[in-house]
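Naming: A, B, ... by sequence-line order, numbering from 1 per chain. These numbers were taken from a predicted model, which means no experiment stands behind them.
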Protein chains: 2
Amino acid sequence: MSEAEGLRTESLAHRVPDLAALELLLAVARLGSLGAAAREVGITQPAASSRIRSMERQLGVALVDRSPRGSRLTDAGALVTDWARRVVEAAAAFDAGARALRDRRDSRLRVAASMTIAEYLLPGWLLALHAERPDTAVSLLAGNSAKVAELLLAGEADLGFVEGLTVPTGLDSTVIARDRLIVVTAPAHPWARRRRPLTAAELAATPLILRERGSGTRQVLDAALGGLARPLIELSSTTAVKASAVSGAGPSVLSELAVGEELGMRRLVSIPVEGVSLRRDLRAVWPTGHRPTGPARELLSLTRG
Amino acid sequence: MSEAEGLRTESLAHRVPDLAALELLLAVARLGSLGAAAREVGITQPAASSRIRSMERQLGVALVDRSPRGSRLTDAGALVTDWARRVVEAAAAFDAGARALRDRRDSRLRVAASMTIAEYLLPGWLLALHAERPDTAVSLLAGNSAKVAELLLAGEADLGFVEGLTVPTGLDSTVIARDRLIVVTAPAHPWARRRRPLTAAELAATPLILRERGSGTRQVLDAALGGLARPLIELSSTTAVKASAVSGAGPSVLSELAVGEELGMRRLVSIPVEGVSLRRDLRAVWPTGHRPTGPARELLSLTRG
DNA sequence: ATGAGGGCATAAGCTGGTCTTATGAGCGAG
DNA sequence: CTCGCTCATAAGACCAGCTTATGCCCTCAT
């Protein structure tokens, strides 16, 4: 309670309305009425009125034009609503993922996935599946390729997703997407100012921030360079690798799935490379002969395109 | 209070921990200790302990392994944390945008931007700027190209961003990115099953869901088709157009910036087109002769790559 | 013209969640 | 063996946000 606390940069949570308020705002935008929005989210009209008002106070911006025949977003409100939609979508993905982690047993569809896929792609697929088949309970187990294969072969999972180069024996597969590994550095790194692409030899000769051996990402890189990748540090999660690269510890090689956000915000920059193929296939896998049916087939069809 | 209410699908806000809890989880992941994380976010250790515990109850998943010498994430916890990070990042973008809307006057940098750029790109740039120059207050005014030009020429904005085909007279500009308009439909639309690309003539002959005339998107499309785009409906926001297209009302033409999420989740599919260039430049603009300096130059350098 | 109905705002009171302080217990290092 | 770090538990205070009960404004239809 000291005075000094007043000077701290208050956390996001104090500056950003909570999810209930953001959902309410989206409902107001869609329905054009505070009362109707209140009904939709299951609160009373005065509660909605007060919530929107306190959100406007918090943001310091008028969001809705109230009139005796409804409420419309102001220009600023429309913009805020669009940004709010992205927060709510991220929360929906979080929810879809968390449900799948919880619904361990007795699920109609048990999925095993590699970390990168579980992290970046699966929540979206689960949302899409939920939109089409709201009552399909899905459970998720995450692990490396070997673990995914083991679960499938033991009958403890119905459908798997892997990102390595090889398909584990005993499994059939189909390619559902392609991924590309890219070389990234912090913007301050000398490589960021190169005018010519990096050569494979240069890449192989430079110590890199890498995932541990055995990860799908590392496998692909080692294969592309002929088993030569030199680690500067080895870290056990993609997130740790990214954080290290952003902080300028050195160059790294990461899936473009993992670094989209960082590239967009220029926390990392992509370095062109020539003479080496860093593409890899993302595959759905299942025990040989047991073509996916039912919910598994449904999910699979959502992932292809 | 009827019993039936217990059966309603509870809203996201009831199933997703609030932002403060998610930030706390990220701090625990980074620091490896509940107490240290508590200090970082400015609460006491028991509060952090209880918050994490109730989050675990809410999600039905154990997130951290507690030990007398620290706390580490479980496997499921690591996954949840990665999903949480995306929610927090979306919230940070929301916050950056909202601050810019609020800080109207007396800002060191006044930005005017077209809707699409304000909606999809600017929050990320503002976050990056804030990371490098935490004390730069930025204000944002959104409008169409004409409005942006007007603000710049009246000296009410320091830097503008537009997405149209032409640069308004009296302004200098530089291309900061390229955008592409793509033809999209709901997955059920016949076009989604075509094997050959759409021709320009087919596109011009088909009524489309479009933004109103005068929007940057519409300008580009009209120019590419020779002024011929036929509207099925005209809507005044990108969001409304997307919603209409997702619902299957018909094909639409939208910026790839706007539909990334929808394509990823297969709520929309992209239809290849031949014989027509739907690329457009995104430009930073400023009054002729007044090259951006100071914060404006800083922001500009973040947007280029 | 006049009432019905939908829209929003305000006031008062309750409730529940979440924080704080205070304390205890496990483990490791000096 | 004790200090220092970890986390857990208990008790009480506090505050935010909800509901219920109103009232006013505007529009539309009778």
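With no hydrogens or angles considered, a side-chain donor-acceptor pair links B/Thr238 and B/Arg211 at under 3.5 Å. With 3.5 Å as the limit, one finds a donor-acceptor pair spanning the side chains of A/Asp82 and B/Thr239.
Side-chain nitrogen and oxygen atoms of B/Ser71 include at least one within less than 4.0 Å of the OP1 or OP2 phosphate oxygen of D/dC7. Applying the 4.0 Å criterion to OP1 and OP2 of D/dC18, one finds that A/Thr44 has every side-chain N and O outside that range.
Atom CZ of B/Arg66 is separated from atom P of C/dA25 by 20 Å (rounded to the nearest Å). Distance, A/His14 NE2 to D/dA16 P: 11 Å, rounded to whole Å. Atom-to-atom, CZ of B/Arg69 to P of C/dA29 comes out at 9 Å; the value is rounded to the nearest Å. What separates CD1 of A/Ile43 from P of D/dG17 is a distance of 11 Å, to the nearest Å. When rounded to the nearest whole Å, the span between CZ of A/Arg72 and P of C/dG7 equals 15 Å.
Distance from the side chain of B/Pro46 is smallest for D/dA10 among the nucleotides D/dT6, C/dT10, D/dA10.
Here A/Arg267 contributes atom CZ and A/Ser247 contributes atom OG; the two are 12.0 Å apart, rounded to the nearest 0.5 Å.
Residues from residues 23-37 of chain B placing a heavy atom under 4.0 Å of any atom in DNA chain C do not occur. Residues from residues 48-58 of chain B with heavy atoms under 4.0 angstrom of DNA chain D, sorted by number: B/Ser49, B/Arg53.
Here B/Arg66 pairs with B/Glu56 in a salt bridge; the nearest charged N to carboxylate O distance falls below 4.0 Å. The pair A/Asp18-A/Arg51 meets the salt-bridge criterion, with a side-chain N (NZ, NE, NH1 or NH2) lying under 4.0 Å from an Asp/Glu carboxylate O. Checked for salt-bridge contact, A/Glu40 and A/Arg30 meet the test: a charged N lies under 4.0 Å from a carboxylate O. Taking 4.0 Å as the cut-off between side-chain N and carboxylate O, B/Arg213 and B/Glu234 do not count as a salt-bridged pair. We find that B/Lys242 and B/Glu262 are joined by a salt bridge, their nearest charged nitrogen and carboxylate oxygen being less than 4.0 Å apart.
Each of A/Gln45 and B/Gly70 has a nearest nucleotide on DNA chain D; the 5'-most of these lies closest to B/Gly70.
None of A/Leu151, A/Val138, A/Leu141, A/Ile117 except one satisfies the side-chain contact (heavy atoms from CB on, under 4.5 Å) rule with A/Val111; the exception is A/Val138.
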